[in-house]
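First the structure, in the form of structure tokens, and then the observations on it.
Worth knowing before you read on, the calculation uses all heavy atoms, side chains too, and leaves out hydrogens, waters and symmetry mates. Counting from 1, the numbers follow the sequence of the chain as shown. When a ligand or atom number is given, it counts from 1 through the structure's own listing order. Remember, predicted model here, so these are calculated numbers, not experimental data.
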Amino acid sequence: NPKMVEVDHFNFYYGAKQAIFDVCLDIPERQITAFIGPSGCGKSTLLRNLNRLNDLIDGVRHEGDIRIDGTSLYDPTVEVISLRKRVGMVFQKYNPFPKTIYENVVFSLRVAGRNKKSELDEVVERSLRSAALWDEVKDRLHDSAYGLSGGQQQRLCIARAIANRPQILLMDEPCAALDPIATLKIEELMLDLKKEFTIAIVTHNMQQASRCSDRTAFMFMGRLIEHGETKQIFTEP
Ligand code: ADP
Ligand code: ADP
């Protein structure tokens, strides 16, 4: 598959503390790449850099480059806003907005000034179907998102993240706060979503990485120490 993301000799610093050391890796299109490794090894930091979320923190800096679909995240002519439209993100603690299910899904469209009802209705149905949630919520789209179960709230966050059809979907420990059944449901969903989206997932769960990723990137102390096809990584001695 062609590369969707290229991380090119990337270093990242929180003030004096270096958190990422010379990472190089490509993320192929329409595959799931899992980032694994012990707590504090830099998985979230790397993932959040793909969205430039870390740049919101004071005193951070980077060296090297990250390109999405050939465009550098640091290209001064590209606005961060337009970049974020190309990248959807889902967090460990599912965090729907205190709004209806419908308004959660269309949030990013409203922000962009897209308010046409027929368009929004279509996006809501398509996104909720893609997130395997439509059948469960189609009769209560205008109820609060907080009435949903944890697993449903996380799938709603996935629907919200893909509403704009991003080129890449970042998932930071998306199942860590969920029970095993809700977790399996999200894993199944990811296998469906990769037909349409490129996915990068951070997980500390090796089984999860081996069950549902195509490629695995193993990090240790800020370095990428192994990277390749999941089948090979998990069968080598
Ligand atoms: P992981 O996701 O693998 O648990 P992180 O990316 O969260 O690792 O953290 C990598 C390193 O960077 C850790 O040493 C962590 O303490 C440090 N770190 C993370 N966020 C910050 C921050 N906002 N300020 C300073 N150091 C941070
Ligand atoms: P995770 O392992 O899921 O990244 P953490 O508990 O390591 O979660 O971090 C939670 C939050 O605290 C993150 O936003 C991270 O950036 C921040 N953080 C982590 N380590 C530090 C640190 N040494 N100094 C400041 N902020 C930190």
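The ligand atoms of ligand 1 that sit less than 4.0 angstrom from a heavy atom of T45 are 5 (P), 6 (O), 9 (O), 10 (C). Shown in contact with I57 at under 4.0 Å from a heavy atom are these atoms of ligand 1, numbered in order with element: 23 (N). Listed by atom number, the atoms of ligand 1 under 4.0 Å from P38 heavy atoms are 3 (O). If you number the atoms of ligand 1 from 1 as listed, the ones under 4.0 Å from a heavy atom of K17 come out as 11 (C), 12 (O), 13 (C), 14 (O), 17 (C). When each atom of ligand 1 is checked for a heavy atom of A19 under 4.0 Å away, the hits are 12 (O).
Each of L148, L189, L128 was evaluated against R155; a single residue qualifies, L189, per the side-chain contact (heavy atoms from CB on, under 4.5 Å) test.
Residues E229 and R215 form a side-chain contact, since some pair of their non-hydrogen atoms from C-beta on lies under 4.5 Å apart. Two residues are said to be in side-chain contact when any heavy atoms from C-beta on lie closer than 4.5 Å; H9 and E63 fail this criterion. Using a 4.5 Å heavy-atom cutoff, the side chains of M206 and I233 are not in contact.
For the atom pair CE of M219 and CD1 of I20, the computed distance is 4.0 Å after rounding to the nearest 0.5 Å.
Within the structure, the closest approach of G15 to ligand 1 does not fall below 4.0 Å when heavy atoms are considered.
Of all the heavy atoms of M219, none lies under 4.0 Å from any atom of ligand 1, so neither backbone nor side chain is involved.
For G42, a nitrogen or oxygen atom sits less than 3.5 Å from a nitrogen or oxygen atom of ligand 1, counting backbone and side chain alike. Considering both main-chain and side-chain atoms, C41 comes within under 3.5 Å of ligand 1 through a nitrogen or oxygen pair.
Taking the six-membered ring where tryptophan is involved, the planes of F97 and F107 are tilted, since the angle between them lies from 30° to 60°. Aromatic ring pairs are classed by plane angle as parallel below 30°, tilted from 30° to 60° and perpendicular above 60°; the pair F12 and F10 is parallel.
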